[in-house]
Every structure is written in C-alpha cells, then in structure tokens.
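For clarity, every value in this text was computed on a predicted model and none was experimentally measured. First the proteins, then the strands, lettered A, B, ... as listed; each starts at 1.
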Amino acid sequence: MLDQAIFYLFAGIAVVSAILTVTRRNAVHSAIFLITALLATAGIFLQLRAEFLFIVQIILYVGGIMVLFVFVIMLVNLDVAVRQMQFARQKWVALLISLALAAQVGLMLWSSRKVPGHGVPVLNAVPADKLPPNTEAVAQSLFSSYLLPFEIASVLLLVAMIGAVVMAKKRT
Amino acid sequence: MTPTGYFLEHLWLIPLFPLVTAALMLLLGRRLPNGAVSVFCVGSVGASFAFALGAVMQLLSAGPENRAAQQILFEWLTPGPMLASNGHLVRFTADWGYLLDPLSCVMVLVVTGVGFLIHIYSIGYMGHEGGYYRFFGYMNLFMFSMLTLVLANNMLLMFVGWEGVGLCSYLLIGFYFLKKSASDAGKKAFIVNRIGDAGFILGILLTAVTFGTIRFTSAGLADVAANSGILQALNGALSAQTLAAGAPVLTTIALLLFVGATGKSAQIPLYVWLPDAMEGPTPVSALIHAATMVTAGVYMVVRMNAIYQLAPLAMDVVAVVGVGTAIFAASMALVQNDIKKVLAYSTISQLGYMFLALGAGAFAAGIFHLMTHAFFKALLFLGAGSVIHAMSGEQDIQKMGGLWNKIPVTAKTFFVATLAIAGIPPLAGFFSKDEILGRAYERHPALWVVGFITAGMTAFYMFRLVFVTFFGYSRADDHAQKHIHESPQTMTIPLVILAVLSVVGGWIGWPPSLGGSNQFEKFLEPVIFSAGSTEAAPQSSPREYLLMLASIAIAVAGIWLAYEFYRAKRFAPELIAGKMRGFYRVLFHKYYVDEIYDALLVNRTKDLGTLLGQFDAKVIDGIGVDGTGWLARFGSTLSMWWDKWIIDGLLNFGAKLTQLLSFPIRFLQTGTFSTYALLILIGLAILLAYYQQHLHVVLRGAR
Amino acid sequence: MHIPFLRALTDYLQGDGAVILPEIELTLFGLGILLIDFTLGVRERYLNAGLALAGTAFSAYTVWKLRLPVAVNGSLLGFHDSVIVDPFFLFFAALFLSATALVILLSVKFLDIEQEQEGEYYALLLFACVGMMFMASGFDLIVIFLGLETMALSFYVLTGFLRREKRSNEASLKYVLLGAFSSGILAYGFSLLYGLSGSTNIDTIGETLGQRNAFVTSLLHNPQSAPPQFDPFLLQMLPVLAFVLVAVGLFFKIAAVPFHQWAPDVYEGAPTPVTIFVSVASKTASFALLLRLFLVVFGATHVNWMYLVAGIAVASLTWGNLAALTQTNVKRLLAYSSISHVGYVLLGLVAGNKTAMTGIGYYLLAYIFMTAGAFAILIVLRQKGLIGEELEDLNGLYQRSPASALLLLIFMLSLAGIPPTAGFMGKYFIFLSLIETKHPILALFAVLYIVPALYYYFRIVVHAWLKAPGEAPRPVMSNAQAVALSVAAFVTLAAGLYPEPFTRLAQYALGR
Amino acid sequence: MLPIGHYLFLGLALFIIGAIGVVTRRNVIVILMSIELILNAVNINLVAFSRLYGDVAGQVFALFIIADAAAEAAVGLGIVIAFFRNRETVLEDEMDLLKW
Amino acid sequence: MDFFANHILSAVLFTPLVGAILLLLIPRQLELAHRIGGNIFGVLGFLVSLPLVVWWKPGVEAFSFQENFSWIPSIGARYHLGIDGISLLLVMLTTFLGMIAILSSWSAIHQRTKEYYILLLLLQTGMIGVFVSLDFFLFYVFWEVMLVPMYFLIGVWGSDRRLYAAIKFFLYTLAGSVVMLLAILALYFYAPVAPGGTRTFDVPTLLAAAQHFSDPLRAWLFWGFFFAFAIKVPMFPFHTWLPDAHTEAPTAGSVILAGVLLKMGTYGFIRFSLPLLPADGPIRSNIVKIVIVLSLIAIVYGALVCLMQKDMKRLIAYSSVSHLGFCTLGIFALTPNGLAGSVLQQINHGISTGALFLIVGVLYERRHTRLISEFGGLATPMPNFAAIYLIISLSSLGMPLLNGFIGEFTILQGAFQVSKAWAAWGTVGVILGAAYLLWLYQRVMFGPVTLPVNERLPDLNFREMATLVPLVFMAFWIGIYPKPFFSLIEKPVQRIVEQVNPNFYQMERAKLPPAGFPAAAVEAK
C-alpha cells in the first residue's frame, strides 16, 4: 500500500517534471526540472531497495552532471538563446510520431500483461526481507564478477576527460 | 570408255590463263605499257580458246553416250555432315572441279571464241582510254569467272562464276567511275543481280538437302558410285518412288533457280539493270551484256533441265515469263533513240526467246539461239561501238544518218547482223528462232502468237535502227562530221569474222524438214534429260512449213514497215506517235518501271533504314539505356532531397493540418539534426510494427 | 622473484589478464602517449605516432600469440565469463589493429598540415581501438555497452578534433547527439534483455530466449500443452521489443538505412583520417557486435527477423547507391557507397549460413583495406591550401601523380566489385550464400546494384584519369602515406588474385 | 514491490518524453538533457528488474550507465562549447553546413 | 623447351602481360621505345601462339594443351586452361588481330603512348584468357578484367563523345555479366558433389552435371548466361552500345572490339549456353525460337539501319550487328553446318570488319573525319587503297572465293536443314549487305573528287599495307581453301551437337554415304 503510494508519488513527480524539462523555454528551468525528475527517480530507486544507487543518483547526477549543465548554460550566453524559438518547426509531426511510438510500445506492454509475470520469467519478486544488504551486494559483484566493466569504465571516463579537455580547451 | 587426253586432263588451265593475266594486270598493270597489256590479255584469252578447242576435239573423239570429262581438283567447301530431307546424314562437299560435256562445249567455245574476238576489238576501241590495264584486267577476270561458270561441275562452283561475272560487270559498267551514272548503273546491276542470287542460293540449298549433293552429274568421273551427282540421285529417287514428276519440291527448286536466272539474264521483273548497264564501254556491252554473261541464266536452266522437265509448272512459268519479256522489251525497243539502248532491249527480248524455248522444252533450241544470238548480237554491239567510235562518242541515232558509205565495213557487217536477228533465211537467226517458234506452237499456240508478233517487232526496230543510222542525210553537227572515219583493223576484223559466223553459224542446226539433220540437237542429246515425258513429238511437216513461212513473212513485213517509215518516209512516225501520244510516252519512258521500283521498293527500304535508326536512337537508347540512367539519376535526386521533399512535405502537411486546427505555426527551415533523429524514431516505429505484424502472422497464423 | 607485486602481476597475466592483454597494452601505450606528449616539442610530436604504432604492433603480436591457446581449447573465457577470446575476436582484433595502424600512418602528415599535431589524438585512437576490441570480445552486456561507449566517445572527440573547422565542429556535434540518442535506445533494449533473462551474460540471455522460443513453438504445435493465458504471440512481445530496440541501436552504428543519415555528414566533416577510422573501424566493430548479438542472443529466431534485416539491406543498397550517383564531394560519395556496402553485408546476415559468414568476414576485411585506400588518396591530395575533397580536385590526378591515380583505380574497381580484387571475392561469397539459401531475388537485387555502383565509382575514375588537370599542385606523398597506401593496395589485390589464405582466415573466424 | 508492469510503463514514459525532447527541441543543451532522461528511463527498467530477480547485476549496470551518462554529458557539452565558440549558437538547426 | 611445350597456353596468355609490365618500366618520355616495344610484344604474342597450330593434333580428349593447377582450393576454383578447335581458332584470331591492331596505331596515337600500348597488351591477355580458361571462376575473372582496358582505350583515346560511349560500353557489359555471375554460382551450387569431394568450377564437369538438371532450372541458367553473351554479341535489343563504342573508339580499339570482343559472346553461346539448353521439348524449342527470331531481326535490322548511316564507322558497326546475327543464327540452328559456319563466320567477321575499321582508320588519320559526305572519288588519288577496300568490302558482303561467302553459305545451309524460312530471311540480309557496302564504297571511292582536300590524299604507306595485306591474304585463303579450318572445328562441333542435339545423329548413325544417295541410285541408272 505504502509502496504504491510512494511509487505513484515519485512516478508522478518524475513524469511531470520530465515533461516540464522538455517544454520549458528557458534552459535553466529545464535543468531545474531535470534535477527534479532525477531526484524523483532516485526516490523510485529507494522504493526498489537500491539504496546505493539512490545515493549515487543524487550525488553523481544532481551533484555532478547537472552542475556541469548549468555551468555550460551560463557559458553560452543564455539570453539570446531564450529569445530564439525553442522548438523545431517539425514539432507537431515529431510529437505525433513519438506519441504513436509510445502508443505502439505501450500497447505491446499492455497486451503482454495478460501473460503471467508480464512476460518476464519470474512471476513475483523476492520478498524484501530476503534481499541482501544492498551496498555490500553491489560492492561484492562490482569487484568480483563486474571487475572488468569497472576497469573499462575507467578508460571510458579517461576518454571523456580527454575529450572534454580537448574540446573545451581555449584554441591555441 | 571415257575420253581422255592432254587438254581434258588440263581443263583447269582454260580458266587459269585469264585469271593469271588478270591478277598480273591488277597487281602491277599500271607499270606495263599498253602493248604488253594487250599481248598478255588477248593472248591469255586466245590460249584458253585454243585449249578449249583442243578439249572439245578430244571430247568429240569419244562416242556420244560417254562424251563427258570431269575432274575434281580439290574439295573446296566441306562443312561436315548435313541432314538431308530424307533423313539421311550426308557428308556435304562442294568440290572444285570442272566438267566438260556437250553443253559446256558449246558454252566454252562461244565464250572463249566471241570473247577472244571482242578482246581483239577492244585493243582498238579502248586504245585511247585511260585505265587500259584496268579494263583488260577486269575483262580477263570476267573471262575467268565466266569460264568457271560454264565449266563448273557443281552448283556452288557455278555460283562462284555466277557472282564473279556479276562483280566484273559491276566493275566494268562502272569503269568510267568518274561518271556518277556509270557507278550508279554498276551498283544497280550488282544489287538487282543479288536479289536473283538470293533465289539461286536458296535453290542450291534446297537441291542439296533434297539430293544430298550439288554435283551435276557423276558422268566422266573415275569413281562414279563414290560421288554421285544430282542426275544420279534424281534417277535413284525416281526409281525408288521417293520422288515423282511434278513433285512440289522439284517445282520449288526449279522456280528458285529461275529467280536467279531472271536476275542474271534480265528477265521480268529483274531486267531493269541491263539498259542502264549500257553505261559501260561498248566491248563490255558486247561481251558481257549480249554474248555471254546474260546467257548464264539460260545455260543454268539447261544445266538443270532434268529437274525442270520434272516440274511442268515451273516450265510454264519459264515459258510465260520468257515470252512476256520478249514482247515487253521489244515494244520498248521500238521507240528508243540511243543506239545501245535499242540493242539492250533487243537483247532482253532475245533472251526472252531463249527462255520461251526452254519453257517449251526445246532446250537444244534455246542453246542454239543462245549461240547464234551471241554471234549477231556481239556483232551488232561491236558495230554500234564502231559507229559511236566514228561519231566520236555520239550515241543518239537521231543525230546520225548517212553513214553507209562513210564506214562501209561497219555498215555492211551491221546490216548482216540485222538480217540475222530479223530471222531472214538462211542466216543464223532464222534457224534458231524458227525452231523456237515451232516448239512454242507445240507447247501452246498462244505462246507462238506472242513470239510471232515479237519477231515482227524485232525486224521493225532493228531495221528502223539501220535506216535511221546508216541511210538518209547525216544529222550530226559538222564538228562530228569531220571526224567520221572507219575504225582500225583491230576493230573491223572481228566484225567481219562475226558477220561470217552470223551467216553460217546457224547451219549446224539445219532442221530435218529442210533436208538437214539437226546436228546441233543431236550433239546436245546426251545432256538433255530423257526420263520426262517431253519426247519431241513427230511433227506434221506441212504445219512446220506454214510456221516457217509465217515467221519469214512477219519479218519481211516488219522490214517493209520500217522501210516505209524511216527510209521512204511514206508515213511520218511522228504522226503515229502523235495519234497515240499516251502509249508512245509510256513506251518512251519504258513503262516507268524504274520509277515504280524506286518508289515502291528502293526508297521505302531506305526509309525503313532511317526509321529503324531513329528507333535505336530514340526508343532503345532513349527508353532502355538513357531511360534507366535517367531513372537512376531521378531516384538519387529523390533520395538526395528526401529531407526536403518527403520529410518537409510531411512537415508541411503536418503544419497545414495543425494550421487547419488553427494552431499558429511559424515557418522556419527544417532542422537537419531533428530530422535525422525523427527519422530514427520513424524507423524504430516501422520496424516494430513490421516485426509485430510478421510474428502475428507467424504465431497467430492469421491474415 | 619474490616481490609480491610482480608475483601478483604475473599471476594476473597468466589468469584473467591474459584474455585482455591486447587491450591492456593499447591502454598503456595510450597513457604513455599522454604522459610524454607534454615533454615533446612541436617538431617531435610525430613521436606520438611512433609510439601509437608500437602500441598497435605489441597488441597485434599479443593477438597473434593468443591464437595458440585458442587453438588448444576453442575459446578462452575470463572475468566470470564476461569476456571471451575466440577466433572471432582474434580476427576482428586483427582488423581493428590494422585499421588503427593505417589511420595512424595516414594521420601524421595530415595533422601537420592542419597544425593539430596533438598527443591526445593518438591516445584517443588507441582508446577507441580498445573500445572496439571489447565490443568484439565482450560476452557481457555491460562490457559490450562500455566498450561501445568508449569507442563512440573517442570518435565524437576525434570527429571534432579540428576545432577551428566549422564543419568539423558541426559533424562532431551531430555525431554526439545522434550517437547518444541511439546508445540510449540500445541501452533501453539491453535493459529489456536483462529483464527477460535476469542475467547480463549474453550466452545465458541467448539460452533463455531460445527456451522461450522453443516453448512458443511447442505451444504452436500443441496449444493444449499450457494454460490458455500463455499466448504464443504475447509471449514474444518483450523479446520483439528488445530485439527491435537493440537492432535499431546497432543499425545506427553501422549506418544502415534509415538510420544512416549521420554518416554522410560525419564523414564529410571529420578530418579525413578520422573519416577512415569511422567508416572502417567503427563500422567493422559495430558489425562484430551485431553479429555476436544477433547470432548468440537472437540466433534462435533467425527465421523471424531474417526478412526484417533483408528489408534494411535492400533499403541500404537502394538508397546508398542512388544517393551516391549525384554527389560531388568524394568523401560524401564514399559515405553513401559505404552505406550500400552495409547492405551487402547485411544480406550475408540474411543468408546466415556458413558461406555467408565467411563472406561477411571476407567482405569486412576487403572493405577495410579498400575504403581506407580510397580515402587515403584524398589524404594524399590534401595539401596546404587545397582541401582536395571535391571531384574537381581529382581532375587530371593521372598527370599529376600516376601512382596514386593507379591506386585509386584499383580501389575503385575493388569497391565496385570487379575481379580480380578483394571486393569481388567478398561479393562472391555473399551472392553464393544467397543462392544457397534460395534467395534468388535478393541475389538479383544485390548483383544488379553493382552497375550503378560502378557508374559512380567511375565518375571518380573519370575525373582522375580522363579530365584535364587544373593548376592544382602535384601531390607529394609522405613515406608513411606511401606505406599505408601500398599495404592497402597489396591486400586489395592479393585478396583478389590469391584469395586462398584470406578465405581460410575468414572461415577460421566465422565459418563455423 | 509493485508488479513489474508499473515500472516498465514509467520507464517507457520517461523514454518517450526524452525522445520527444530530442526530436522537438532546438537547443542542443536541452537535447542533451533529454538524452539524460532516456538513460534515466533505462535505469528505472534495470533497477526494477534487478529488484525482481533479487540480484544486483541490474543495479551495477545502472551504475555504469550513470557513469556513461556523465561521460557523454562531459564530452557533449565540451563539443557544444567548441561549436558555440565557432558559431555563436547552440541551436541544432543552425548546424547546416553539412547537408545533401 | 619441354617446359614451354607443357605450358604453351600460359605462355600465350601471359606474353602480352609480360610486355605490359616491361613497358611499365620504360620511362614515359621514350615514346619511340614504347611504340617499338609494344609492336615487338604484339608480334611476339602471335609467334608464341603459332606452336598451338603446329603442335595441334585433333586429340581424343575434348581439350588439348590442358594446364590444371590449384588456385583457390577452398572454393574449388582452379587455374585450368585448355583449348579445342574452336577456341584455337579464336585464340589465333586474337593474337593475329592484336598484332595488327598494335601495328596499326603506330602513327595514330600521339598522347599517352605508354599507357596506350600497356592497355592494348593487357586487353590482349584478358581476351585470350576468356578463350582458354576452362574454369568458370577464371573465365569470369578474365571476362571482367578485359572490360577495364577497353574502357580506357575508348575513354582516353576515343573521339568526341568518348566518355559516354566508354561508360555505356562498360555498364552494358557489366549488367550482363553480373547476371551471368549469378548463373555461374547457381550452376556451381546445384551441381551434385561427390561424397567427400568439394565443389568445383571446372567447366567440363559442371556442364556435364548440368545435363541432369531439371528443364526449368536449365532454362533459368540458360537465360542467366544468355544476357551476358547477348549483350556482348550484341543481339538485337541489346546492341545499341555497339555503334557508340565503335564510333568513338580509336582504330585499334574498334578493330579489337569488332574482331575479338564480340566473339566472346558467340564463343560463350557455343561453349556454355548450348550445353545448358533444356532437353528437347517445349521449353527448349521456345528458347531456340526466341533466340533465332532475335538473330533474324538483327540480321535484317542491322542491315537496314546501315542504309541510313552518315558515319562510316557507325555503318560498319551496324553491319557487325547484322553479321553477328548470322553467327547466332548458325549457333542456334544446332546443326553441325550451322555451328561450323558460325565459328568460321566469326573468324571471317574478325578479318573483314577488322580490316574495314583499319580502312576507316586510314581515312581518319588523313582527314580526321568519318563522315561519308566528306569523301568521294578517292579512287583517283588512292588506287591501292581502292583495290584493297574493294576486296574487303566484297569479302564482307559475301562474295564467293572470299571468306565471307563460305561462312554465310554454311550458316544458311545449317539453318536451312532446320527451317527453310530462317534461311530465306538470312538471304535478305545477304542482299542488303551488298546494297549498303557497295553504296558506301561508291559514295566514298567513286565519282569525281568532290572536295579539294581529298585531291592530294596520299595512298597507303608501307605500314598500312603491312596491316591490311595479311588480312586480305587470310580472306582469300579462307575463301578458296577453307578445308583446314573446317577440319579443325569438325570434332568439337560434332561433340557439341552430339551433346546438345543428340537426335540429329540418330538418323543413319552408322553409315555416312559420301554424297548423294541412295547408293543404289547409281546402278539404278
């Protein structure tokens, strides 16, 4: 019961603020609403007993990425951008098509609900008390079975770093 | 026993002499002096005449039943096994071989003899012309081809000669190739002949598949069984009842071959080339277009007489075409003013006579007339040439006249020839023509009537020619007047010899009814196929005398009429012409046949060519090639401007739609990036829809 | 040795480390470049290139050594089955490394001309290569995804590496936006895959999907075997969704119609060596990934998605060939031609039998070298003050530099698929496989598209050979370029004249 | 937890919204944000499934996706800055040098 | 020497290639060196091919001088060469015409001499390869390779619309040959494999296997090959590339194009298409009907189009369409005579038309125009030229004692045995042939010299004589004594007919009466 309440609350926030994100004229406002959406998602994570991810979401996204965004928005002079038109002229067609796609996929998901377990092999989730303490578990698998992705991620981030530097570096 | 002897074993030398000299002339004749040229060329023809004589003598030494000498030099065309019409496989071979039998005896003698005389004549006639060596080279080449034609032992080799003479006539007609009319005439002659040749080839092919061989006969060969000939095969088929007289295949063969004959021998409908051929030098007209080449058709039909005799229908066709041509050409000859044109038409008409004879089954008579005609027509042409020579190139008889005393030899010999062709006994023409008419009567009186009228017309136009040319006052301009002179001896001597021949030449065929014993016919007996039913019916001699008298009468009448018109001038021909102007004009324009042919066939063919060329350029290339190219380019432009036309079109449509829904829309140019992104979404949607639908069909087995 | 660290290191390298040793080496060399780059003066920057080459060489050697254990026991798994080393990987690793080496060789002079001789450039090349290798060797969705992203990010940066170039910026911006979007879609698909199997190991995923498919087919044959709510169609809903999402993500990476539109822009805008890298390496890597996923994960449902792929293939052939017909920019033209090549390879995937696999391998091999060669000619043309990317810039190349004109001809013939060149052999296998699997119509399509292809390839040849030269300078070829070109030409010709070893190689990698 | 369908729909919703943002917005920065939304949707799926299966693989995956999102954002924004330096704009439809 | 004897075909095949490579090494400034080198290797190519004739013995096995080495074992493609009588003739024609073509371009080519000779030699190798390879894969490779040098010969040294003509030629031929590739692959795939054996591209094996295919399959394969060959020949609807290519190509190019390239199509028909014909039945008879009708259309059509041409080369090009129509007619008559005649006619066409193109080239070098209206009355300034031109025209229009007649007559004979109507239509072509060739000759050579330019035209020089006289000689040889040629191709032709049209030999298999029949007929007289 509580679960549901929490879920719907956060889900509602997430969706609404997501919509606002893509509809606000002002990029700063979009950023703000994006943060809201991400926070709501974090709430969902929590509802799903993924505490570690919840933290990461808040720290990394909200703390890191969004700061970057806002920073860049400030860098590129905003007031001009705001005054320009914010939506591509094809927006209606685009909207139409996106919604059609949404309907299509939604229908697939909806129709597959008839299948037990929504078409997913397991019928119902492990009871919450059977779950291992989340952070340890994540750490466990991160450094045992997902060691390699961890290493690759370092390379990935290195590349990102180099890239950002190369790109943003003042021209010599 | 088959006749043997040096000459018979070296038959191949007869055509070889002219060939060698011809090659000599054409390769390095330019460096030779005229004297040497004439010695070589005339000498070579003389040599082959001598060899021909020798060969004939040695042949005559044998008994009549096996008077045939045949020798195969090598296998020429051996394309491998051929499926004959009776389901046998035969190893088809066309060998390079020569056959001398009575028929080819006559031909080879006529060709070499007359040819020899004409060569001599040409020395004088062509003396002043440029390209002397070229002329004689062509003439010798012609002799070679003609001899190959008459000596060939199979149809294909005969065809070689056939085409060869055609080529030489093309070259010689076009000898003055600077004159467009000349080269045109040459081309016309060749192409018209070519049409006939097509028929000939088909005839050969049909013969080949029907009889499995194209060798005329195996007579005179060492191993008769090994390589049999048409004659033997035909007999075999008859005895085996696989073929009967009048079998359609035989008729087809006969008719196809006859198409070839009409081409070469200038019969309706393919005679049109011969009058134009008079563009050539006069000796050429004499040799090729009077004495020898044009008679090739006759010779060929006689060669294949076995088949013709078994194809009555074809015989009728031959007879009708022959007689038709005879009168048709004669009528045209009535009004011509060009001396050579008159002779040309008379040649056509005489050839018509020969075919009439063949059609009537009188093969010997046909050959007989061929020979006599060779004599007097050659004489006439050479005489005409001498006249033209005297008149310094003038050919229109209306500009001549009163030459009788100025060029006596020419005039007298010409007169003899005229008598001969008019059929006045006892000159050569009389016997041959009379025999033809007689046999024609037996075949069908109508044939005789037409031939009879033609005889009269012949007498008329020939004497018209004589009177207008040689008698009366001269109508030539005085410049020409001064130069009138008798031709040199090289030209007159042949005239005299030919004149003698035109007189006595006919006597070897002195008919029994006049106490003679038609030697000529007996001589040709062996080569005339006798299986057919056309036995020479014992004729009641009174009727024969009647016919004889009639033909003499009509000839005299024609002569008298010509005299009244053109000598005594008792009636003016202009009046007649005036009275029936239309008919006269038609005659004068030779029935407009050339024009009709041009309008109906020649130009239409050219138009077709143009049309098809256009078709290539426009349709096949236009639609086929460039069309696809265009399509590709179009397609690429399409996909290139996919954004602009499709996406934007979609957008505009959406915009319009939303506008209709009264949503304010500001038009700005499309954002490329979002277009791409949108395309990705669309693709995603499409793939999803497709895959879902596909699985729906597969898994629900529906739709 | 008693130093524990070294002990650990050697243990590691005998154990799991062995399977990722090539990647490790490349990474180390990349780091090394970044380190020494600061110490180098502007004149010595080319040493970076040398170092990068050395890196590829080492890595290549390691790959070569790895073939022995692979030969012994089929394939090596490591890191809890999250990475695999098998002939497939070895083959593609070799391709990536050679492509990288070619690009490095071709970059040096180009960057000098552009005055962008930076160490980061080569480092990024190597990291991209690492990413590709993980794409080929990854046996776990996470590894694959990270490898893909590593490659992609490096490419975004490399594409925009000429920061002064407006077109370069624009290309990289489009690339990064679209690329991120598409990898978002791909990730969405991956998440569904995880959901369907509860595992990120593609082998497990493949098995689960296979079982599901088997279950569905059993349902089809006797519907009574399960309760009615197990509707076979609905059971396939999520797999379908997953498949389409993954497919779209991958089709985007290989630039198949209609997900191709980034390719021409990026190819045109990127610095030409990077264009080579994108068009050759990233495409090959994406194909490696696509093959791995389609065959291992979705192999069971091949008959179902066969026609979907066929449709994409024909679309790519049509669009690529037609659009290329009227291009005037050579890089753009080659971009469209590369789209049509994608069509051919996908047709091989449609056929999907042994021959087809060999063909795909052969085609990709040939494609790498001939495309690299074709672009390399443009790099040779790039001089101070001459971009040399338009068709007109090629005019009279024959008079200006016969050698490069000849090479250009060879590459064009190979791209068009005229024997005796590598391109023909690749097409040969594809066509044969189509005939073997009874797809004559597709085969006819594929074959006939050679004709327009030849037309536009020969537009290039016409300009290079038959047009009069303008006042353009004679291009001068640096040694590095000469080496790269001759290698490319050699492979292109050798694989056409004596295909035997290359065929064996392709069979070794894929033909099983 | 709730039946998995809820989470799937939530993920779908965010995904589509993000997609809409990508295809409709002109400001590239906002487009990048929309992409972040999409990745977020992915994360929701992953975490939900991992909860369903009761193993943390999904969460680890989500972790890496977050890292990747960060990396993409960094590079993307860097490129945006470079672009902006040259063109004084951040509107995607003014990227019109490269076209057919 | 022994090695040479065992690898004679390879020697013939690669001599020109070696030449090309050597020329590649000579710096381009030394134009003369290139000319000489090119000619040396042209002659050498011919000399090397002579032993084929000398050592030729009508062997028991189908193909002589075979060489068979492994090439691509993994797909079963081998380096397998071998020739029978037919290919021997064509190879000789190729080397012979190649030599002449190279010689003919001594003074015609002034720019890019080096590449010109290299390309000619490459082309030579390609063409020989097509005729000698007995492995489908190898065959296809040569078939395609040969396109490239030809493309450049037209495209670089051609006249005004060369680019269009060159690419048209290339695309046309390519479109055909890619379909053929599919057919080859299908043949390769459907041929049964011996247990434990691998697939093979070996021509005799595959063609033998094809005999057991179902009729529809064979029909499909036939059409697959048909397009490639029909375009190459070219047959009626596919012929439009020919006039353009011929017209634009340089003289040597036209000579090779007309002399050899077109023969690849007919050769392909004989070697590959015929064995693939379905077994006797409605399908097969329909196919044959279609092809024959196309050939007849080509014969008449080409001849008619010739009548309206204003450009000499174009006219001759269309005459090739007509003549090749004869060849295909003979081939698909499926009788020994038809096939033999067709093969011989291919050689004849190579000689006559090649010579005609040389002749046009002679005029073009002097006047740089090919318009008929530009000439007229040339017989006066150029007598030798006139003579040779006349002989060649005659040989081309089928004058007896010249080569053309032999071929045409034999073909007609072959067709006549099957259907009289076919032969009849063929003769129409014969008539028209005389018309357009003589008309052309008259317009060019006869009459007064119309243009002052033409008054001083020099007659043939020694080199041009050297190029033309051998052809004239060959024309006479074939025309007067064709027996050696026929005996050369008799065996292979028989083999083909036995395979394709077995019931031709059903009748009277046992005895071949020498000529005329029944033998009883003789004593019946």
Side-chain angles (χ1 to χ4, degrees), chain A residues 3-4 7 11 14-15 18-19 21-22 27 30-31 34 37-38 41 44-45 48-50 53 56 60-61 64-65 68-69 72-73 75-76 81 84-88 91 94-95 98 102 105-106 109 113 118 120 122 125-126 130-131 137-138 141-142 146 149 153 156-157 160 163-164 167-168, chain D residues 1-6 8-10 12-14 16-21 23-27 29-30 32-34 36-37 40 43-44 47-54 56-57 59-60 62-64 66-75 77-82 84-85 90-93:
Chain A
D3 250 4
Q4 289 185 355
F7 173 77
V15 171
I19 293 175
T21 314
V22 297
S30 305
L34 179 60
L38 295 175
T41 324
I44 302 273
F45 290 165
L48 284 169
R49 300 286 190 286
L53 215 56
V56 170
L60 203 75
Y61 255 124
I65 303 179
L68 186 59
F69 267 99
V72 171
I73 295 171
L75 201 61
V76 304
Q84 280 149 330
M85 196 188 74
Q86 286 303 315
F87 292 94
K91 55 176 170 298
L95 195 61
S98 320
V105 182
L109 294 181
R113 92 192 177 286
H118 216 281
V120 179
V122 286
V126 195
K130 294 273 186 314
L131 283 175
V138 171
S141 61
L142 195 54
Y146 294 105
L156 177 72
L157 292 171
M167 280 298 143
Chain D
M1 71 178 280
L2 281 66
I4 188 69
H6 293 66
L8 289 181
F9 275 107
L10 176 57
L12 174 63
L14 288 183
I16 292 297
I17 294 169
I20 292 175
V23 292
T24 53
R25 292 305 296 251
R26 289 175 75 215
N27 186 329
I29 301 176
V30 181
L32 278 171
M33 294 187 195
S34 314
E36 299 296 336
L37 273 177
N40 215 46
N43 283 349
I44 289 176
V47 178
F49 283 128
S50 89
R51 172 75 183 81
L52 185 63
Y53 287 103
V56 292
Q59 297 183 30
V60 175
L63 200 58
F64 284 118
I66 292 175
D68 170 62
E72 258 175 9
V75 171
L77 290 171
I79 294 176
V80 170
I81 288 171
F84 181 78
R85 283 213 185 105
V90 290
L91 300 185
E92 47 85 11
D93 54 13

Checking [X] against chain A: side chain, backbone, both or neither under 4.5 Å from a heavy atom?
X	value
D:I66	both
D:V47	both
D:L14	side chain
D:L63	both
D:I29	both
D:V23	both
D:E72	neither
D:F49	side chain

Please look at [X] and chain D and tell me whether the side chain, the backbone, both or neither of the residue comes under 4.5 angstrom of a heavy atom of that chain.
X	value
A:R49	both
A:I65	side chain
A:L109	both
A:F69	both
A:L34	side chain
A:Y146	both
A:V120	side chain

Check: [Y] and [X] side chains under 4.5 Å, non-hydrogen atoms:
X	Y	value
A:T41	D:N43	no
A:V72	D:F84	no
D:L2	A:Q4	yes
A:T21	D:E36	no
A:V22	D:T24	no

D:M33/A:I73 under side chain to side chain contact (heavy atoms under 4.5 Å, CB included): CA gap, chis, key distance, verdict: CA-CA 12 Å; D:M33 294 187 195; A:I73 295 171; 3.6 Å; yes
Identify the heavy atoms of [X] and [Y] that sit nearest to each other, and give their distance.
X	Y	answer
A:S30	D:R25	OG-NH1, 4.3 Å
D:A74	A:L68	CA-CD2, 3.7 Å
D:V56	A:A137	CG1-CB, 3.6 Å
D:R85	A:A168	NH2-O, 2.7 Å
A:L48	D:R51	O-CD, 3.2 Å

Could you tell me which of [options] has the largest number of non-hydrogen atom pairs under 4.5 Å with chain A?
options	answer
D:P3, D:S50, D:G5	D:G5
D:V30, D:I44, D:N40	D:N40
D:V80, D:I4, D:L12	D:L12
D:L37, D:L8, D:L77, D:D68	D:L77
D:I17, D:V75, D:I81, D:L32	D:I17

Measure the CD1-CD1 distance between A:I19 and D:I16 for me, rounded to the nearest 0.5 Å. 12.0 Å
